[in-house]
Amino acid sequence: MHDLKALRADPAAFDAALARRHLPAVAESLVKEDEQRRAALAELQEAQGQRKGLAKEIGQAKRKGEDTTEIEARGAALRDQIATLEARANEIQKRIDDVLQRLPNQLDASVPDGKDENDNVVVHQRGEVPSFSFEAKQHFELGEALGLMDFASAGKIAGSRFVMLRGVLARLERALGQFMLDTHTGEFGYEEVTVPLLVNDAAMYGTDKLPKFAEDSFHTDDDRWLIPTGEVPLTASVMGDILSAESLPRRMTTLSTCFRSEAGSAGRDVRGMLRQHQFTKCELVSVVAPEESEAEHERMTRAAETVLERLGLPFRRVLLCAGDTGFGAAKTYDLEAWLPGQQAWREVSSCSNTKDFQARRMNARMRKEKTTVFVHTLNGSGLAVGRVMIALMEVYQQEDGSIIVPEALRPYMGGLEVIRPA
RNA sequence: GGAGAGAUGGCCGAGCGGCUUAAGGCGCACGCUUGGAAAGCGUGUGUACGUUAAUAGCGUACCGAGGGUUCGAAUCCCUCUCUCUCCGCCA
């Protein structure tokens, strides 16, 4: 959501921000609507004041036993007038909100211009891209050969874009999730939280998944949504709150299942478990004072990177350009792991600073001196468990199709060092 | 799923059509008092929008949420949400 007062104060800046997103200007028409809104509001408040006065007069007159027929008639007329004024003010407000709700967040000054992912900027790369003396396989070839990655059964019972992991591969996924949680809670001060996987409209709207991205998520018969990411329940948990300055920063992490309808990605990544309707992700969310969010963004991204480093997976940090930055984000770093089988860098984390964009939508504030200010919210994957597993399988694969378990994970795997065919 | 009770300011709690500008208490802040503290006394104590240079004033709205009745609603009516008690079912 956007600040109407800021728009009014500097319409040109508002349009300039939209232009960076390659969107048309709207400030002029919004400023006009806002003038109408305020005029209507002034009229309404004037009439409400009159109603208050009249009601008081009638009350006093009745107590004295005087006849109030005449004033009551004036009151009745006023009531109708107020109803009309109220309807008009609401209608203008709704028109403004409908436009504002659908406008993306303003980009941070440090975000590079650009059209799509080709204009993203690689910030740094960590770890060596491995070379193989044989032809590296893709994760699904490895997994199916091991007999531990079962797409056929999943397809039978659920459809495409689902998988059943078996045996030590199922355990590997579990191990990765535990390892991520332990790292973030133990070393980075995140509070572990288990969350509802079904949420209401308000939570989805507050985390900017509605109204624009309704078709990307699954909706239930009883009017709830399957969470597309743990970000939704974690962030929306402070919805409507006024937080004390001492309670910030608030850092939360959850290991949750996520659900995506993947409408509109037909034909993309159809093979394997890169893009599923259901996947596990360790999510990081921070709620911080406005002046802290930039530093928090770096800190959060470092937390996510640390997991990749411990697992010995080569990755790079990418700063998304203007055209590739998501709707709610002011600035986003993606972490991309190297997939030897695919010979490609693939996203395993996306860390965003939304600044006050979500906070405004869900009305989450903090106390500051005599007043309140909107908090800043950040979210990042720390990390996408399924995709990290894919990277791990491909990076640690051996010529015979076995997979070496990275040292950091062995305590979580009962000491297992190599995954071999079942 | 069935039956019942409830939701009021940071917290407790009264109010159940107009004298509410939401009583009273607790907490908190500031001041007085004191050698110092406690106690005591006094004053203040929410959010949003509008107006404004202003986080000063002034105005409007807000008693779980949304509708309705009325000249007037915390108070009456309807719908919904959540909490509690009991019953049923159940991992």
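In what follows, chains are A, B, ... by sequence order, proteins preceding strands, each numbered from 1.
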Does the side chain of A/R367 get closer than 4.0 angstrom to OP1 or OP2 of B/G10 through an N or O atom?
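Answer no for this pair, as no side-chain N or O of A/R367 is under 4.0 Å from OP1 or OP2.
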Is it true that atom [atom1] of [X] has more than 12 heavy atoms of other residues, nucleotides or ligands lying nearer than 6.0 Å?
| X | atom1 | value |
| --- | --- | --- |
| A/E309 | CD | yes |
| A/E294 | CD | no |
| A/R224 | CZ | no |
| A/E407 | CD | no |

For nucleotides 49-55 of chain B, read 5' to 3', which letter fits each nucleotide if B means a protein heavy atom sits under 4.0 Å from the base, S means only the sugar-phosphate is that close, and - means neither?
BSS---S
Indicate for each nucleotide in nucleotides 61-78 of chain B, in 5' to 3' sequence, whether protein heavy atoms under 4.0 Å reach the base (B), only the sugar-phosphate (S), or nothing (-).
S--------SBS------
Between [X] and [Y], is any pair of side-chain heavy atoms under 4.5 Å apart?
| X | Y | answer |
| --- | --- | --- |
| A/R251 | A/F188 | no |
| A/Q138 | A/R271 | no |
| A/I390 | A/R346 | no |
| A/L313 | A/V348 | no |

When you compare [N] with [M], how far apart are their [atom1] atoms, in angstrom units rounded to a whole number?
| N | M | atom1 | value |
| --- | --- | --- | --- |
| B/G13 | B/G2 | C1' | 32 Å |
| B/G67 | B/A61 | P | 15 Å |
| B/G46 | B/C63 | C1' | 12 Å |
| B/G10 | B/A48 | P | 12 Å |
| B/C16 | B/C89 | P | 43 Å |
| B/U34 | B/C28 | P | 23 Å |
| B/U75 | B/G64 | C1' | 16 Å |
| B/A65 | B/A73 | P | 16 Å |

Is the distance between the ring centroids of A/F357 and A/H376 under 6.0 Å?
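Not close enough - the centres of the two rings lie 6.0 Å or further apart.
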Could you tell me if the ring centre of A/F140 sits under 6.0 Å from that of A/F151?
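Centroid separation for A/F140 and A/F151: 6.0 Å or greater.
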Nearest whole angstrom, please: distance from the [atom2] of [N] to the [atom1] of [X].
| X | N | atom1 | atom2 | result |
| --- | --- | --- | --- | --- |
| A/I242 | B/A48 | CD1 | C1' | 10 Å |
| A/Q60 | B/G18 | CD | P | 14 Å |
| A/D3 | B/A48 | CG | C1' | 13 Å |
| A/E57 | B/C19 | CD | P | 14 Å |
| A/E46 | B/C58 | CD | C1' | 13 Å |
| A/K56 | B/U20 | NZ | C1' | 9 Å |
| A/N200 | B/U81 | CG | P | 12 Å |
| A/R63 | B/G17 | CZ | P | 15 Å |

Heavy atoms only, 4.0 Å cut-off, all strands: where does A/T68 land among base, sugar-phosphate and nothing?
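Since no nucleic acid heavy atom lies under 4.0 Å of A/T68, the category is nothing.
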Return all side-chain donor-acceptor pairs below 3.5 angstrom for residues 56-65 of chain A, not counting sequence neighbours, or 'none' if the list is empty.
| from | atom 1 | to | atom 2 | distance (Å) |
| --- | --- | --- | --- | --- |
| A/K62 | NZ | A/E72 | OE2 | 3.3 |

Base-pairing string, 5' to 3', of RNA chain B - Watson-Crick or wobble, under 3.5 Å, | interstrand:
((((((((.[[[..)..(.....]]]((((((.......))))))((((((.....)))))).[[[[[..)....]]]]])))))))....
By side chain to side chain contact (heavy atoms under 4.5 Å, CB included), which residues pair with A/A214, not counting sequence neighbours?
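So A/A214 forms a side chain to side chain contact (heavy atoms under 4.5 Å, CB included) with A/L210, A/W225.
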Contacts under 3.5 angstrom, residues 277-284 of chain A side chains, donor-acceptor by atom type, not counting sequence neighbours:
| from | atom 1 | to | atom 2 | distance (Å) |
| --- | --- | --- | --- | --- |
| A/H277 | ND1 | A/R260 | O | 2.9 |
| A/H277 | ND1 | A/S261 | O | 3.3 |
| A/K281 | NZ | A/T229 | OG1 | 2.7 |
| A/K281 | NZ | A/E283 | OE1 | 2.7 |

